[in-house]
*Asks:* 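Let me begin by handing over the structure; questions about it come next.
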Amino acid sequence: MVTHPHENLNMEAVRTGNSALLTSQRRGYTISRGTLILAVAFFLCTLVTVSVLIYNFATCDKLIPAEDENIVCTTVHLKHRANETNVTSLAVPHHERDVRLPRSIKPLKYNISLEPYLFEGNFTFDGEVQINILAVEDCYNITMHAVDLNISKNDVSIRRGRRRHGQTLENTKEIDKEQTSDSDGTELRIRKQYLQEAKQFFVIELYDKLVQNTEYVINIKFSGLIQDTLQGFYRSSYQVGNETRWLASTQFQATDARRAFPCFDEPALKAKFALNIARPKHLSTISNMPVVRTRQHDTLPDYEWDYFAESVPMSTYLVAYSISDFSHLSDGNFSVWARHDAIQSASYALSMVPKALKFFEDFFDIPFPLPKIDMIALPDFASGAMENWGLITYRETSMLFEKGISASTYKQRVATVVTHELAHQWFGNLVTPTWWSDIWLNEGFASYMEYESLKSIEPDWRIMDQFVVNTLQNVFQLDAMSSSHKISIEVGNPEEISEIFDRISYDKGSTLIRMMGHFLTSPVFRKGLHNYLKELSYRSAEQDDLWHFLTLAAKSEGLLDRNATVKDIMDTWTLQVGFPVVHVTKHPNTNVIRLEQQRFVYKKFNNTGNATQEDPLWWIPITYTTAEELDFENTRPITWIPRSKIYEIESRNLSAADWFIFNIQQSGYYRVNYELQNWQAIMEHLMDVKKFKQISPSNRAQLIDDAMNLARAGYLSYDLALNLTRYLVHEDGTTAWKAAMNAFNFLDAMFGSMGEYDVFKRYLLKLLDNLYNQLGFSESKNENNMLEHFKRAEILNMACHLGHRQCIAESVRHFQNWMQVPNPDVNNPISPDLRSIVYCTAIAFGTEGEWDFAFERFKMSSVSTEKEILLSALGCSREPWIISRFLKYSISGENDIRKQDVYRVFMGVTSNVVGQKIAFDFMHTNWEYMKSYLSNAMLTYNMVLEVVTKRFNTKYQFADLQAFIKNELKDSSRSVEQILEHVQDNVNWMDHNYKVIAEWLRAEARRHE
């Protein structure tokens, strides 16, 4: 059993005079030298004893020691004290706004040794780190990061290394080319060391000066806990029969490497890393680099040391290691790791690696720089995956695909996540954002490149059409809110950094990159990316660096005017909030077409909105085609709207056209609105069953999404938008139907508890009728037709949700058949692509028996994708007491529901109108416990709050939400502002639109009587 080292109390010596006799003038007696020595000794012993007792029983509660102290207090101690005294505020540090490290020190190389103890029952680890640093300027302080680590005074030392002659700050950037030297042995004197918890700083103050351009070696011993919070160095487990098997892994992005070892934990402070990790002999350790040697542990007979090769220069958040008893599959230098009974499910992910790597190496024209790639599927993982260089970590459902059990959606999910993380090996790892403000450069590029790579690897998936509805139109919803944020935004503390890992950074980032690819053309775009990555390899960059290289590439091909730059264009998209809607109108009796831009927002009806604020203006690439041209392939801009509210173009082809459509393939990040005449002409074309496919799938999806959202925001009448949806009765394209479903889902949420829901259901079921009869529950024999699988799932899911009798009957029949088969955990007769629909429908229209059967299957299954589908379906019950019981199970820590999946439980429950209020009341009642249970699991409570309020649309519900946020949540974060705005917009929408739509639906019903 390992104990944490105690901090030492360093008391200043008691100074006495030279006289042998001390005299008290008041008492008139003397003390002999011997008596004095004994008294002083007794006093010192007593003081030390009392100090040790104070340390052991009170722990330290000062963050910054006094001048005569040299104590390091860590948050581990503070949390222990909080647990003992119920002073929870001590356990939750208050983050300051500015937490950037000073730039006086530059790390060059880390040598890290770790000894984790997974089987001694206390989940601790000991560690030692040696950091070679360079003093960039003369200074007396070393400031780095450390959180949840025990470090005592005697475990820190600093020694002087060699002097660099002629070096300057500018030419020390190429740290991958520097050769660091060993220390010369001169140890520097430490004045004091302490933790600034609000900044998560570990500060070492010195008596001796650190001299500019001189190398030093910091040596720190430390210990900590392998926690269960899914951040830092954390533990996970899984069951084999009745045996619990433990493993440990890491998740350091964005600011959690500091929880595993003291470090300079900022993305720009790249260094090389050499790791040595001790492990039990029956386990395996993998890290960023391959193992170069293994040897017996000196003192632990059942342990071995693994020594890993030194890494290339990289950021601390990319360091990774995992210790487990997992099995692995290999293909050359690529390996996948998973539980032994799940390892075969990793074969599809493994097959994607060489295909994707070849694509990226060709696309960027830069070879992958590491000697190997490991990918591991973890039972507990906070996000989908993490791109650690050479060791990519995944949630199981993002890496494991079990043919015959997992739905087709999971096959595409694995493919997109694997390609996303491999794209990061260049964008993010090779070149890293200087600071988290530009995290969109990481996530936006990886999100776009996953689609770009799959367009080549799986052309039949029509992945770019899917991009339009799954990514671009999806993020439109968030970015249309007043509380959205700029894509490149200043962030300071870890809370703010975590908050921008959202759809704006990922989805808006990727749509803007796609837009650049279109207006620059693919050859120029790729040339600029290659030069950017090549020139800045192993370094950090800002978005302006990317604009610079793209501008040079564009000008070399004559794509930009002499005075224009990519920065001029793209700053209007990355440094401003939101996106525009372009209103297109004809000037009567002329060939002039007027284009007017304004920011698209949902708050048009909200009187509290800032109506007086002037709209931002964008550089907008304009593409279009006409009824006569029908050219939906050319996405290179015909013209640009400069940063002006109104722009006019003269075109006889446009003015004389029967109709025109702007924004080909929705390649630009904007919506388009037309005059009534043009909308009606487009609708007539769509209603022609022989002609409607002349408009490309992505543009049919655009027309539906634009029209329904323009109406939602008040820019267009709902009568016109709903009239356009009539053509869907003969639409059979997956992309257009996906856009329609997204629009109808909003109406479903608004109408779900209202009296006119019957006419809404009737209209949608009429639109679905042809496709339902065509698809039904008999699956296509063409297993590779991914779009066919997706279309069937969309149609059947909506049909069953709306109460389609045959759909419900078929679902119940399939589920009952499953309940009757012998050994249902092995023999499941339901097709994988139908399971989500069948499970949910049978549970929604079933009894306690169906729910309990499904819950037992959830607990018994070892296939992660099957467990995920079952967990979501269990929320479909309409029995209030079953819903309440399920929610209680989710935060009990039992029943095999992991913390990472609590959000999924709430999302499943709130998918039906019955569960919505129950979920909100449950969350309200159990809020304090949920905060304690979820703690730092990167499972933000705001995600739960978002789903339990998504159907709120009355002023009373809005008031309840406001009261909860004020009295319980006490949170003013951007995500909470967005939740409030969404509900407020729903309330306003109901006031302005509900009656209008209800009347249109009733009239439509009468039209078909």
Side-chain angles (χ1 to χ4, degrees), residues 474-475 477-485 499 502-504 601-603 605-606 608-609 712-713 742-754 757 801 872 875-878 880 883-884 886-888 890-891 901-931 934 939-994:
N474 182 282
V475 76
Q477 306 293 318
L478 175 60
D479 210 19
M481 302 178 74
S482 298
S483 52
S484 184
H485 65 83
E499 201 172 51
D502 64 359
R503 281 186 289 151
I504 296 297
V601 289
Y602 285 136
K603 272 199 168 180
F605 290 126
N606 190 348
T608 63
R712 177 177 169 180
N742 291 338
F744 287 136
N745 281 337
F746 172 74
L747 297 183
D748 183 83
M750 296 299 97
F751 274 74
S753 58
M754 308 301 290
Y757 190 59
H801 171 76
S872 295
C876 296
S877 174
R878 299 181 180 182
I883 294 171
S884 296
F886 187 35
L887 293 171
K888 185 176 180 180
S890 74
I891 59 171
D901 293 321
V902 172
Y903 167 73
R904 183 165 295 279
V905 171
F906 276 83
M907 189 165 60
V909 165
T910 56
S911 65
N912 73 78
V913 70
V914 177
Q916 189 85 30
K917 176 171 172 48
I918 296 171
F920 180 77
D921 291 344
F922 181 90
M923 183 192 68
H924 197 168
T925 303
N926 297 280
W927 184 248
E928 289 302 322
Y929 176 78
M930 286 180 66
K931 284 200 300 183
L934 297 176
L939 226 160
T940 96
Y941 328 118
N942 297 343
M943 292 170 64
V944 175
L945 184 62
E946 180 183 358
V947 296
V948 302
T949 58
K950 65 183 178 183
R951 291 175 180 266
F952 280 17
N953 60 5
T954 70
K955 61 182 180 180
Y956 306 106
Q957 291 172 327
F958 183 60
D960 285 346
L961 175 61
Q962 286 180 306
F964 171 74
I965 290 172
K966 179 181 178 181
N967 300 325
E968 302 291 337
L969 190 60
K970 299 174 183 177
D971 185 350
S972 59
S973 65
R974 181 180 293 107
S975 57
V976 172
E977 290 178 14
Q978 290 170 348
I979 292 167
L980 278 168
E981 183 182 343
H982 173 73
V983 176
Q984 177 70 77
D985 286 349
N986 287 350
V987 174
N988 294 330
W989 185 92
M990 291 292 289
D991 289 342
H992 288 86
N993 295 307
Y994 177 77

*Asks:* What distance do Met481 atom CE and Leu980 atom CG have between them, rounded to the nearest 0.5 Å?
*Replies:*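 Going from CE on Met481 over to CG on Leu980, the span is 9.0 Å.
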*Asks:* Does Leu945 form a side chain to side chain contact (heavy atoms under 4.5 Å, CB included) with Leu961? I'd like the steps, not just the answer.
*Replies:* CA-CA 9 Å; Leu945 184 62; Leu961 175 61; 4.0 Å; yes
*Asks:* Run the side chain to side chain contact (heavy atoms under 4.5 Å, CB included) check on Tyr602 and His982 step by step: do they pass?
*Replies:* CA-CA 9 Å; Tyr602 285 136; His982 173 73; over 6 Å; no
*Asks:* Any heavy-atom pair between the side chains of Gln477 and Phe746 that's under 4.5 Å?
*Replies:* no
*Asks:* What do you reckon, is OH of Tyr956 surrounded by more than 12 foreign heavy atoms closer than 6.0 Å?
*Replies:*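 At most 12 heavy atoms, drawn from other residues, nucleotides or ligands, come within 6.0 Å of this atom.
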*Asks:* Of the options Lys950, Gln957, Arg951, Lys955, which is the one that meets Asn953 in a side-chain contact (heavy atoms from CB on, under 4.5 Å)?
*Replies:*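 That would be Gln957; it is the only one of Lys950, Gln957, Arg951, Lys955 passing the side-chain contact (heavy atoms from CB on, under 4.5 Å) with Asn953.
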*Asks:* I need the Met754 CE to Thr954 OG1 distance, nearest 0.5 Å.
*Replies:* 9.0 Å
*Asks:* Is any side-chain heavy atom of His801 less than 4.5 Å from a side-chain heavy atom of Asp748?
*Replies:* yes
*Asks:* Might you point out which heavy atoms bring Val913 and Ser753 nearest each other, and give the distance in Å?
*Replies:* CG2-CB, 3.9 Å
*Asks:* Sub-3.5 Å donor-acceptor pair from the side chain of Ser884 to the main-chain atoms of Pro880, do we have one?
*Replies:*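 Judged by distance alone, yes, a pair lies under 3.5 Å.
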*Asks:* How far does CG of Leu478 sit from CD of Glu981, to the nearest 0.5 angstrom?
*Replies:* 9.5 Å
*Asks:* For the backbone of Ser911 and the side chain of Gln916, can you confirm whether one donor and one acceptor N or O come within less than 3.5 Å of each other?
*Replies:* no
*Asks:* If you compare all heavy atoms of Phe906 against all heavy atoms of Ser890, which two are closest, and at what distance to 0.1 Å?
*Replies:*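 Closest heavy-atom pair between Phe906 and Ser890: CE1-OG, 4.0 Å.
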*Asks:* Kindly compute the distance separating CH2 (Trp927) from CD (Glu968), expressed to the nearest 0.5 Å.
*Replies:*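 With rounding to 0.5 Å, CH2 (Trp927) is 9.0 Å from CD (Glu968).
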*Asks:* Kindly indicate, with the supporting measurements, whether the criterion side chain to side chain contact (heavy atoms under 4.5 Å, CB included) is fulfilled by Met750 and Asn986.
*Replies:* CA-CA 8 Å; Met750 296 299 97; Asn986 287 350; 3.6 Å; yes
*Asks:* Could you report the tightest heavy-atom contact between Val914 and Ile883, atom names first, then the distance?
*Replies:*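 In this case the closest contact between Val914 and Ile883 is CG1-CD1, 4.0 Å.
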*Asks:* Taking the side chain as C-beta and beyond, is there a heavy-atom pair between His485 and Glu499 under 4.5 Å?
*Replies:*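 No, too far: nothing below the 4.5 Å cut-off.
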*Asks:* Tell me whether Asp479 contacts the main-chain N or O of Val475 through its side chain, where contact means a donor paired with an acceptor under 3.5 Å.
*Replies:*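 No; zero donor-acceptor contacts below 3.5 Å.
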*Asks:* Quick one: sort the Phe751 and Tyr994 rings into parallel, tilted or perpendicular, breaks at 30° and 60°.
*Replies:* tilted
*Asks:* Measure the CG-CZ distance between Asn988 and Phe958 for me, rounded to the nearest 0.5 Å.
*Replies:*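 It is 8.5 Å, given to the nearest 0.5 Å.
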*Asks:* Is there a donor in the side chain of His924 and an acceptor in the side chain of Asp960, or the other way round, less than 3.5 Å apart?
*Replies:*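 No, because no side-chain N or O of His924 sits under 3.5 Å from a partner of the opposite role on Asp960.
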*Asks:* Starting at CD1 of Ile891, measure out to CZ of Phe922 and round the result to the nearest 0.5 Å.
*Replies:*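 Answer for the CD1-CZ pair, Ile891 versus Phe922, is 4.0 Å.
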*Asks:* What's the shortest heavy-atom distance between Gly875 and Asn912, and which atoms?
*Replies:* O-ND2, 3.1 Å
*Asks:* With a 4.0 Å cut-off, would you call Glu977 and Arg974 a salt bridge?
*Replies:*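 No, Glu977 and Arg974 are not salt-bridged.
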*Asks:* Using every non-hydrogen atom in the two residues, find where Arg503 and Asn474 come nearest and quote the distance to one decimal.
*Replies:* NH1-OD1, 2.9 Å
*Asks:* Specify the closest pair of heavy atoms between Phe952 and Val983, including all atoms of both residues, with the distance to one decimal.
*Replies:* CB-CG1, 3.7 Å
*Asks:* Please test Ile918 against Val909 for side chain to side chain contact (heavy atoms under 4.5 Å, CB included), starting from the C-alpha separation and ending with a verdict.
*Replies:* CA-CA 9 Å; Ile918 296 171; Val909 165; 5.6 Å; no
